[in-house]
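This report refers to the structure that appears directly beneath it.
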Amino acid sequence: MQINVNADKWQHMQQMMVIGELTIGIVHDLKNQLACIGTNMSLIESLNGQLPIDKYLTSINRQLGYANEMTELMLKMGTSHSKYTAFDLAVLMEDVTAFFERVSGKGIAIKTYVDESAHFISGCQSLISNSILNLCANARDAIGDQGTIEVTLVRDHVEEVAGDVLNQNVSGECSVLTVRDTGCGIAPDKLTEIFKPFFTTKGTTSERSGMGLGLANVVHIAKEHGVSMTVESELGVGTTFKLYFKTAA
């Protein structure tokens, strides 16, 4: 039996799969926030008006803020509507990387850098956040349970993108988003294979084996947005992905 899935539904399925892969971390982080709120509420009750409670209320408000930010981003990433708007890629990148670091495990650290240039682009925030999340998840899997992922965003004028794996021929003013890991690297003969749907080097027994759709989804979204992409990798050294977004006029 053949099942036909249109492009929008397929895209939404991939977005939900990424969120699903991070479910344990998401639930763990929300549980910690609720525990902190509960502890502060218990302390307020025990004080019985004897001491100021401002610092406990401040802590509660902070934890509620964290929880609200997380759920808002999850809703944004999980939407099935591909609404294209002009937005600040720097803000989206920082939101997604902060979210990923909170839910990906204590051993994973993310270093971010954004230059002082304007990074307004036109596109679908939900889809692009999904791409950033997929690249971070791919980097996490490459480095294992402990390591550092670098995510940077700089503005650059390019004549052409050398090594563009998508042949998009992007040129001019671009916001260049880079995701770099110091993981196991990718063998040269696999670099042309990693973007194919269902291709994975993680095997089938790993907890993070996935379905091999993460990078294929990144490619699909990049093509939809007219984005160029490059990848460089060396075994035992690490891998670097770059996405070249045309900046809005």
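- Atom-to-atom distance recorded for L89:CG and E94:CD is 10.0 Å, nearest 0.5 angstrom.
- Side-chain contact check for Y84 and E224: at least one donor-acceptor pair (N or O, by modelled atom type) lies under 3.5 Å.
- Contact check for L133 versus F99: side-chain heavy atoms found under the 4.5 Å cut-off.
- For the atom pair CG of L243 and CG of L135, the computed distance is 5.5 Å after rounding to the nearest 0.5 Å.
- The shortest side-chain heavy-atom distance between R140 and I149 falls under the 4.5 Å cut-off.
- Side-chain contact check for N134 and N138: no donor-acceptor pair (N or O, by modelled atom type) lies under 3.5 Å.
- For V237, the side-chain contact (heavy atoms from CB on, under 4.5 Å) partners are E234, not counting sequence neighbours.
- By the 4.5 Å heavy-atom criterion applied to side chains, V179 and T240 are not counted as neighbours.
- When all heavy atoms of S175 and L153 are compared, the pair lying nearest together is CB-CD1, 4.1 Å.
- Nearest heavy-atom pair, A222 versus Q168, reported as atom, atom and distance to 0.1 Å: O-NE2, 3.6 Å.
- L166 and V161 fall into different hydrophobic clusters, defined by Ile, Leu, Val, Met, Phe, Trp and Tyr side-chain heavy atoms under 4.5 Å apart, directly or through other members.
- Of all heavy-atom pairs between V114 and A90, the closest is CG1-CB, 3.8 Å.
- Looking at every heavy atom in both residues, T97 comes nearest to I110 through O-CD1, 3.6 Å.
- By the criterion of side-chain heavy atoms lying less than 4.5 angstrom apart, applied directly or through intervening Ile, Leu, Val, Met, Phe, Trp or Tyr residues, V170 is not grouped with L177; the two fall into different hydrophobic clusters.
- To the nearest 0.5 Å, the span separating NZ on K190 from OG on S233 amounts to 13.0 Å.
- Residues T247 and F120 form no side-chain contact, since every pair of their non-hydrogen atoms from C-beta on lies 4.5 Å or further apart.
- The shortest heavy-atom contact between V218 and S131 is CG2-O, 3.8 Å.
- For the residue pair V231 and V165, the shortest heavy atom distance occurs at CG1-CG1, 4.2 Å.
- Side-chain heavy atoms closer than 4.5 Å link hydrophobic residues (I, L, V, M, F, W, Y) into clusters, and following such links, possibly through other members, connects F241 to I121.
- If you chain together hydrophobic residues whose side chains sit under 4.5 Å apart, V154 and V158 fall into the same group.
- Annotation: side chain of E101 is not in contact with side chain of I108 (no heavy-atom distance under 4.5 Å).
- In this structure, the side chains of I128 and F245 come closer than 4.5 Å at one or more pairs of heavy atoms.
- Put simply, OG1 on T239 and CG on D181 are 5.0 Å apart, with the number rounded to the nearest 0.5 Å.
- Looking at M229, K223, H225 one by one, the single match for side-chain contact (heavy atoms from CB on, under 4.5 Å) with V227 turns out to be H225.
- The distance from atom OH of Y244 to atom OG1 of T178, rounded to the nearest 0.5 Å, is 7.0 Å.
- Here the CZ atom belonging to F87 is positioned 8.5 Å from the OG atom belonging to S129, to the nearest 0.5 angstrom.
- Side chains of T112 and M93 form a contact here, defined as non-hydrogen atoms less than 4.5 Å apart.
- Listed by first then second residue, pairs satisfying salt bridge (charged side-chain N to carboxylate O under 4.0 Å, His left out) with a partner in residues 161-180 read E150-R180, R155-E173, not counting sequence neighbours.
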